[in-house]
J.: 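For reference, the structure I am asking about is given below.
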Amino acid sequence: MPCRARITCGAMSGADRHYLETRLTHANLRRGGRQILRDVSWTIRPGEHWVVAGANGAGKTQLLKIVAGLVWPAPAARATLHYRIGRQHSTSAFGIKEEIAYLGAERQDKYQRYGWNMAARRIVGTGLYRTDIPLDALTAADSRRIASLLASLLAAPLAPRPFLSLSYGERRVILLARALAARPRLLLLDEVLNGLDEINRARILRWLARRTRALPWVLATHRLEDVPAGATHALVLNRGRIVYAGALRGAPLARWLKEHRHAVPRRAASRRPARALVRVTGARVYLGGRAVLDGISLTVRAGEFWVVHGRNGSGKTTLLRTLYGDHGVAVGGSIRRRGVSAGVPLESFKKRVGLVAPHLQADHPRQLTVAEVVASGRHASIGLNEAPSEADRAAARRALAKFALTRFATRAFGELSYGQSRRVLFARAWVRRPRLLLLDEPLAGVDAATRHALTRRVLALAREHVAVVVTAHRRSDWVDCATHELELAQGRARYCGPLRPKLARARR
């Protein structure tokens, strides 16, 4: 018997009748032959603001997708999904999906995967008509609505920019504006604060705290500091089951979201300068005719641990991809990589570098197995151009074991949770035992226990004299182990050198 979905009528008062009540009962979900959710019952009422917590793979994203009508529970005699808006009636959930705004990493990755590169204002405009891509010209009223939304998020300067030219965090702000443009009756936000700098993150948290009227919202998060002040309720999932659902005051959030601190052994300072792996001098990098980096000089030596920080759009990701070799340096600047000279292909350098970045998560074909994604790291490729060799498979098995991923080896990459996929990218980066690690916001979307485990792995490599360059909005994740820092502002270096005392004080 299929799960029944309908809008039920009932009395609501005041502004409540304009918003959506959702009641899910006894829901189960299976994906790829595996049980994801087990006997889940949950009611979201107008005026309630929920925080959803749980480990990577607990089922948070799939639960939000069920509520949003994007996936359907397994058939069961008792399973029901009820929607209610005032006194409206419907016999199908399909009539209500457009009243729900859902924003998660998959929506953002979709633009990257399909190369949708419209102006940011056009992306926001698709929210007005609830389409993926623009179908009609925007009216004057549409343009005013879009301008107002972007202004409320202090993102007006991004309006004319091509979407894919924006930083990861800037894209997230634009997609939030798109979700709000639909005037939703229920707002579902899946790890929406990932990739945001401190200012944008605080701005979104303030916005959520102010939404104390009837609009219900749900925010899934792995960080205790990301729980908005306006939250009223919490739901905690563990292995697909609800272990807590109720008032925020009694929620065991600290157990699931509390940070682990790292005991970091100090390395003895070398008496002689370590060899330079990458040397950048006066680099200017242009993307889409726009200067993203301007006059950057940086030398990364073996054993150094660099933290790169700055506002969204300051050029952090572009810098890492330039170091890796994805972007070239304009005439007048230079970049030299150890082992790469005239006649030596750049791929020989890339194979000695471990890269973890959001675009890899979006670019890898979803049907590839986890083992194949990890093996692709041996070739610095997206996917595999030919069947993996025995050496590839053996190296992949070692990397999977190193990151406790052996049980995922045959799973499709697209079936994993966001945090699980990030662990796979770490295994892919490690598979050739790199001498340089480039990590672009590598801990975004992973739970506290996984952050602890991944950080320990990176520290172990650093103690083996591997150089690390990591971009971070939450510098506290890495300050215990950093030796150097680069602060970027609008593509220029505000500081580049040994870790400054004001950042080092965060260690204590």
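Residue numbers run from 1 in the order of the sequence given. Computed from a prediction, not measured in an experiment: that's the story for all the values here.
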J.: Donor-acceptor pair, R492 side chain versus G295 backbone, under 3.5 Å?
T.: no

J.: Using a 3.5 Å distance criterion without hydrogens, assess whether the side chain of T232 forms a donor-acceptor pair with backbone atoms of H49.
T.: yes

J.: Once you round to the nearest 0.5 Å, how far does CD of Q420 lie from CZ of F413?
T.: 10.5 Å

J.: Report, as yes or no, whether the 6.0 Å neighbourhood of atom CZ on R130 holds more than 12 heavy atoms from other residues, nucleotides or ligands.
T.: yes

J.: Under the side-chain contact (heavy atoms from CB on, under 4.5 Å) criterion, do L176 and L103 qualify, and how do the steps go?
T.: CA-CA 7 Å; L176 178 59; L103 174 56; 4.1 Å; yes

J.: Name the orientation class of the two ring planes belonging to Y111 and F163 (parallel below 30°, tilted from 30 to 60°, perpendicular beyond 60°).
T.: tilted

J.: So does T317 get a backbone contact from the side chain of T471, meaning a donor-acceptor N/O pair under 3.5 Å?
T.: no

J.: Kindly compute the distance separating CG (L189) from CD (E191), expressed to the nearest 0.5 Å.
T.: 11.0 Å

J.: Spell out, as yes or no, whether a donor-acceptor pair under 3.5 Å connects the side chain of S143 to the backbone of T139.
T.: yes

J.: Does the side chain of P365 come within less than 4.5 Å of E372's, by heavy atoms?
T.: no

J.: Does G313 offer a backbone N or O that forms a donor-acceptor pair with the side chain of S167 under 3.5 Å?
T.: yes

J.: What distance do Q361 atom CD and R366 atom CZ have between them, rounded to the nearest 0.5 Å?
T.: 10.0 Å

J.: Using only heavy-atom distances, determine whether the side chains of R203 and N200 contain a donor-acceptor pair under 3.5 Å.
T.: yes

J.: Cut-off 3.5 Å, side chains only: do Y129 and D142 have a donor facing an acceptor?
T.: yes

J.: Is the shortest side-chain N to carboxylate O distance from R34 to E415 below 4.0 Å?
T.: yes

J.: Side chain to side chain donor-acceptor pair (under 3.5 Å) with Q108: which of R172, R113, R171?
T.: R172

J.: Does a side-chain heavy-atom distance below 4.5 Å link L287 with S165?
T.: no

J.: Determine whether L437 and V469 satisfy the following criterion, side-chain contact (heavy atoms from CB on, under 4.5 Å), listing intermediate values before the conclusion.
T.: CA-CA 6 Å; L437 271 180; V469 183; over 6 Å; no

J.: Using every non-hydrogen atom in the two residues, find where Q35 and R30 come nearest and quote the distance to one decimal.
T.: OE1-NH1, 2.9 Å

J.: Please walk me through it: do T126 and R178 pass side-chain hydrogen bond (donor to acceptor under 3.5 Å, both in side chains)?
T.: CA-CA 7 Å; T126 63; R178 177 188 180 275; 2.8 Å; yes

J.: Please check: side-chain N/O of S152 versus main-chain N/O of L149, any donor-acceptor pairing under 3.5 Å?
T.: yes

J.: Could you tell me the separation between the NE2 atom of H18 and the CG atom of L215, rounded to the nearest 0.5 Å?
T.: 12.5 Å

J.: Counting only N and O atoms by type, is there a donor-acceptor contact under 3.5 Å from the side chain of R284 to the main-chain atoms of V331?
T.: yes

J.: May I ask you to test the V470-D440 pair for a side-chain heavy-atom distance under 4.5 Å?
T.: no

J.: Do you know the tightest heavy-atom contact between P184 and A101?
T.: CB-CB, 3.6 Å

J.: Tell me, do L70 and Q62 make a side-chain contact under 4.5 Å, heavy atoms counted?
T.: no

J.: Measuring from atom CG of L188 to atom NZ of K65, what distance do you get when rounded to the nearest 0.5 angstrom?
T.: 12.0 Å

J.: Kindly say whether A247 contributes a backbone atom to a donor-acceptor pair with the side chain of Y244 at under 3.5 angstrom?
T.: yes

J.: Pick out which of R494, E487, E485, K316 makes a side chain to side chain donor-acceptor pair (under 3.5 Å) with H309.
T.: E485

J.: Considering all heavy atoms of both residues, which atom of G54 and which atom of W256 are nearest to each other, and what is their separation?
T.: CA-CE3, 4.5 Å

J.: To check you understand the geometry: which heavy-atom pair defines the closest contact between G69 and Y83, and what is its length?
T.: N-OH, 4.0 Å

J.: Does the side chain of R38 come within less than 4.5 Å of R239's, by heavy atoms?
T.: no

J.: Is it true that H473 and D197 share a donor-acceptor pair across their side chains at a distance under 3.5 Å?
T.: no

J.: A side-chain contact here means heavy atoms from C-beta on lying under 4.5 Å apart; do E198 and R311 qualify?
T.: no

J.: Between T322 (side chain) and T318 (backbone), is there a donor-acceptor pair under 3.5 Å?
T.: yes

J.: Please walk me through it: do R107 and D132 pass salt bridge (Lys or Arg N to Asp or Glu O under 4.0 Å)?
T.: CA-CA 10 Å; R107 159 61 60 177; D132 279 338; 2.9 Å; yes

J.: In sequence, state the C-alpha distance, the side-chain angles, and the governing distance for W42 and I66, and then conclude on side-chain contact (heavy atoms from CB on, under 4.5 Å).
T.: CA-CA 11 Å; W42 184 27; I66 287 179; over 6 Å; no

J.: To the nearest 0.5 Å, what is the distance between CG on L384 and OG on S376?
T.: 5.5 Å

J.: Can you find a heavy atom in the side chain of N56 that is under 4.5 Å from one in the side chain of D447?
T.: yes

J.: Taking the side chain as C-beta and beyond, is there a heavy-atom pair between R451 and R223 under 4.5 Å?
T.: yes

J.: Show the nearest heavy-atom pair for residues L150 and A177, with the distance to one decimal.
T.: CD2-CB, 4.0 Å

J.: Which atom names give the shortest non-hydrogen contact between L219 and D226, and what distance separates them?
T.: CD2-O, 3.4 Å

J.: After noting the C-alpha distance and the side-chain angles of L253 and V227, does the key distance pass the side-chain contact (heavy atoms from CB on, under 4.5 Å) rule?
T.: CA-CA 10 Å; L253 292 182; V227 175; 4.2 Å; yes

